[in-house]
Amino acid sequence: MFSTAATLGHAESNTLGPTAGNGFRNRWVDDLAHLSEHGISTVRVTLDWSRLLPRPGSIDAGWVEFYGSLLDASRALGSQTWVCLHEAGVPKWFDNEGGFGDDDAAAKWWPRWVEAAAEHFGDRVAGWIPFLTPPSSVASVWSDTWSIVGGNTPVVRSFRLPDDRDSLPDDDAEATHLGLSLIGVDDDRSSDHHDSAFEAERIGTLIRDLAEHSAALPIVVTNAEHPQRDHDDLGASLEALDAALADAVSDGVRIDAAFLAEAVDGTDSLGLFKPDGTPTTAATTWIPIA
């Protein structure tokens, strides 16, 4: 719910940067408090690889302190924080060595990033989401990820359906949860009409597709990002998501968490709250607002 793009913006050292954030760095205490006040007790935060490791093997102490304080505050508020390690873009220095498209570069640098994150933040993480939406070469680095963070903390192996349907495992011994990344799930809808029933049906189908391949593994919706024109439109998408989740759970599908794209409005994104903490109309469909 707190992605890098919307909260901090992409760093100069990121292949997608630089972009502006929504003021989260100076307002994060209030943002976390607003979520807690409205009963949201599970959040997803992305650790920015480009900021924490702006150069190969060189950790940025200032950003370690920032994320450490954020995770400590979230825990003090009673929230469980699931941490994402790769959202979009990579450090330029990693890209210059070939990035995830180069097996040698990926095998060398990705485990070091996972190790750094685990060393500095692992004791404050409720669950790991290594890849929000996996790169095409994720299989080559997944075992390294599992060997580092696997253990008592949940680890989610995320898929974007239907694109990743052919890569779904029948059994995955290197994950505790399977993740579903919902991005643009309602692209086929009419451009001037939001068909919530159609969207709920499509989401439900994707959830069941994943459940059929999950063996005994529970599901986490790692990202629910929809095309949206305004908060009312976002609210309709969330209503459809809520209906799909409730229907799947009633059918016996275990879903441990579901994360939206954003908690707070950004320059180019819509969320549940405005930067001043005022709930948006979308919030009323996802959480009870008095």
Side-chain angles (χ1 to χ4, degrees), residues 1-9 19-24 27-28 30-46 79 82 84 87-88 129 132-133 158 160-161 179-207 219-249 255 257-290:
M1 294 180 72
F2 290 110
S3 70
T4 298
T7 56
L8 301 172
T19 59
N22 66 3
F24 178 73
R27 200 192 57 241
W28 63 270
D30 293 334
D31 284 356
L32 288 177
H34 292 146
L35 296 186
S36 178
E37 289 168 5
H38 287 92
I40 296 177
S41 58
T42 305
V43 297
R44 189 203 77 214
V45 173
T46 298
S79 296
W82 292 61
C84 178
E87 175 189 305
I129 304 173
L132 191 59
T133 301
S158 189
R160 179 178 177 179
L161 299 182
L180 177 59
S181 181
L182 296 168
I183 300 180
V185 70
D186 61 345
D187 284 345
D188 291 341
R189 68 181 182 172
S190 167
S191 60
D192 57 1
H193 177 66
H194 192 122
D195 190 336
S196 293
F198 171 73
E199 187 175 347
E201 182 179 356
R202 289 195 65 189
I203 295 172
T205 297
L206 297 178
I207 291 173
I219 291 172
V220 170
V221 178
T222 56
N223 190 40
E225 181 179 337
H226 309 271
Q228 53 203 22
R229 294 177 288 269
D230 53 37
H231 289 106
D232 290 341
D233 200 32
L234 173 61
S237 287
L238 296 182
E239 186 176 22
L241 173 62
D242 188 53
L245 292 173
D247 190 50
V249 170
I255 301 173
F259 299 105
L260 313 182
E262 300 303 337
V264 181
D265 283 356
T267 304
D268 300 311
S269 59
L270 301 175
L272 297 178
F273 297 91
K274 296 179 180 179
D276 65 2
T278 304
T280 68
T281 55
T284 61
T285 64
W286 190 249
I287 54 177
I289 301 294

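Index from 1, following the sequence. Hydrogens, waters and symmetry mates play no part in the numbers below; they use all other heavy atoms, side chains included.
The CZ atom of Phe273 sits 11.0 Å away from atom NE2 of His231, with the distance rounded to the nearest 0.5 Å. The structure places CG of Leu182 at 7.5 Å from OG1 of Thr222, a figure rounded to the nearest 0.5 Å. Rounded to the nearest 0.5 Å, atoms CD (Glu201) and CG (Leu206) are 11.0 Å apart. The distance from the CG atom of Asn223 to the CG atom of Leu132 is 4.5 Å, given to the nearest 0.5 Å. The OG1 atom of Thr205 sits 11.0 Å away from the CG atom of Leu161 when rounded to the nearest 0.5 Å. In this structure, Leu35 CG and Asp30 CG are separated by 11.0 Å, a value rounded to the nearest 0.5 Å.
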(request) Please lay out, stage by stage, how His34 and Leu272 fare under the test side-chain contact (heavy atoms from CB on, under 4.5 Å). (result) CA-CA 10 Å; His34 292 146; Leu272 297 178; over 6 Å; no
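In plain terms, the two heavy atoms of Ile203 and Ala244 that are nearest each other are CG2-CB, 3.7 Å. In terms of heavy atoms, Val264 sits closest to Arg27 at CG1-NH2, 3.6 Å. Looking at every heavy atom in both residues, Leu241 comes nearest to Ala224 through CD2-CB, 3.6 Å.
Considering Trp82, Phe24, Phe259 in turn, Phe24 is the only one that fulfils the ring pair (Phe, Tyr, Trp, His ring centres under 6.0 Å) rule with Phe2.
Side-chain atoms of Glu87 and Thr46 include a donor-acceptor pair closer than 3.5 Å.
Taking 4.5 Å as the limit, some side-chain heavy atom of Lys274 sits within range of a side-chain heavy atom of Thr280. You'll find the side chain of Leu245 reaches within 4.5 Å of the side chain of Ile207, heavy atoms only.
For the pair Thr7 (side chain) and Ser3 (backbone), a donor-acceptor distance under 3.5 Å is present.
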